[in-house]
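These figures come from a predicted structure and were not determined experimentally.
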Amino acid sequence: MKLVHRIAGVGVVALIATAAFGQAQRQPQLQSPPQGAPQSGAAAPSRTLLPATQALFEGYVRDGKMPGIVAAYGVGDLPTLFPAAGAISADPGAAAAGPDTLWRVYSMTKPITAMAAMILIEEGKIGLDDPLAKYIPAFKTMRVATSPDTSLDSVPATKQITIRNLLTHTAGLSYNINAKGPLLKEYERLGILPATVNATLEQQMRRVRPATLEAFANQVAKAPLIAEPGTTWHYSIGLDVMGRVIEVASGMPFDRFVQTRIFDPLKMSSSYWTVPASQVGRFATNYTFVGDTMSPIDPARYSPWLQPPSFPYGGAGLVMSARDYDRFLHMLQDEGTLDGVRIMKPETVRLAMSNLLPAGVTFSGVAGTTGGTQATAPMGYGAGGSVYLADGPGGMPSKGTYGWGGAAGTIAFVDPARHFRGTIMVNYFPSDRWPVRKEAVTALVQDMARLRR
């Protein structure tokens, strides 16, 4: 499982306007997309309106830093722009990357799961401060490890885990990507491994991973907590457990609820827990860097994402297109409505994208080792994503900007004050191999300045 711990860090601060990563390392050798490869045409408007962004993306591909990349930038209800470059893999003849390419979004699943929970909170079927044990009785009596990095010794918890705690990573739960020592071994023993990486690791994890979301949640309840609920922010499997709460509260399977209440009404037809075999031709290959060499870690045509997961992972389980994720963000930007279809009330969206941390708990960003960075302006944490509590440097992003990112380099945010949203799709580990988030916002600022002239 060691490879999982190295590459599957799934949390990042999803605000490209303040991301600050290290200098790019030496460039790997990567075959450029062949001449005459099919082109989607998505980049054509971007060359005119976003020339700096388009040039940056084309440079990434030309310099062999990645086979392909696509972004989705939207302002208000104007047509979304999709700057794109390269192909969905480094294989000869691979299809061009574009708005409908399928990418592993990993932890960008979390905001979607969180908004599904917020729908049920709006309907009164879940209470934000309800005890988790109301929905999953196994969490009624929890214990807290006294030294989680070195021992499983524990004492009884004095507080109940709440729904708010699950949504904000303050439940005292951990993750196989950040747990250490005995607690990590206990998570592995219990099969608390809610993610898909590649065929080899999937075969290993399925031997111990529970086969249902209900069984998974009950296994999580057996492990000690790393802290008293509601006392500290610690990146966790909280949104995976939330999937089970949604099942119980809604009376339907978690994935079906997401499909019927979010994907179908928003016409998000390229969002999958399982990629259909008929769609593998637009499914990107995922890569990993070993030294300066970029190697395929999950070739699309052999990917375990083509088979149903053990259960739908609310924290890291979706494959999506840039177009689909943009529609989700557009709905949030418009306070719960898109194309005349209402998903949530405006007050529900505003609550979800506000600081929901328990009193006394702070959030200062995510370490670069998990694909994130430290914040450069005060931040809080909302339902499944970070929230800016003040304007960022130079006013970007605005106070209230909400978002998150994924282990394989994806990023997404919505700035309600400016009615602006953005998504970047790539697929490689580690997500901070190249300073895409920093460079993308620099290019975008250049383009915006040009458009103001």
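- A side-chain donor-acceptor contact under 3.5 Å links Ser250 to the backbone of Ile246.
- Between Arg104 and Asp298, at least one side-chain N (NZ, or NE/NH1/NH2) sits under 4.0 Å from a carboxylate O, which counts as a salt bridge.
- Among pairs with a residue in residues 395-416, those fulfilling salt bridge (charged side-chain N to carboxylate O under 4.0 Å, His left out) read Asp415-Arg418, at least two apart in sequence or across chains.
- Qualifying side chain to side chain contact (heavy atoms under 4.5 Å, CB included) partners for Ala199, counting only residues two or more places apart in sequence or in other chains: Pro304.
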Practice prompt. Applying side chain to side chain donor-acceptor pair (under 3.5 Å), run through Arg282 and Gln279 and close with a yes or a no.
Written response: CA-CA 6 Å; Arg282 60 186 175 115; Gln279 303 303 311; 2.6 Å; yes
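- Here Thr274 pairs with Pro308, Pro309 under the side chain to side chain contact (heavy atoms under 4.5 Å, CB included) rule; sequence neighbours left out.
- Using a 4.0 Å cut-off between charged side-chain N and carboxylate O, Glu123 and Arg261 make a salt bridge.
- Ring planes of Phe363 and Tyr381: perpendicular class, angle over 60° (limits at 30 and 60°).
- When each of Tyr402, Trp404, Phe420 is tested with Phe413 by the rule ring-ring contact (aromatic ring centres under 6.0 Å, His included), just one qualifies, namely Phe420.
- Scanning for side chain to side chain contact (heavy atoms under 4.5 Å, CB included) contacts around Thr200 gives Asn198, Gln204, with sequence neighbours left out.
- Each ring-ring contact (aromatic ring centres under 6.0 Å, His included) pair with one or both residues in residues 309-339, not counting sequence neighbours, appears once here: Phe216-Phe311, Phe311-Tyr313, Tyr325-Phe328.
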Item to complete: Kindly determine whether Glu202 and Arg209 satisfy salt bridge (charged side-chain N to carboxylate O under 4.0 Å, His left out), including the steps that lead there.
Response: CA-CA 10 Å; Glu202 183 64 12; Arg209 187 195 291 134; 2.9 Å; yes
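- Other residues, nucleotides and ligands place no more than 12 heavy atoms under 6.0 Å from the CD atom of Gln307.
- With respect to Arg301 and Asp91, a salt bridge is recorded, a charged nitrogen being found less than 4.0 Å from a carboxylate O.
- By the side chain to side chain contact (heavy atoms under 4.5 Å, CB included) test, Ser354 is found to be paired with Leu351, Leu356, residues two or more places apart in sequence or in another chain being considered.
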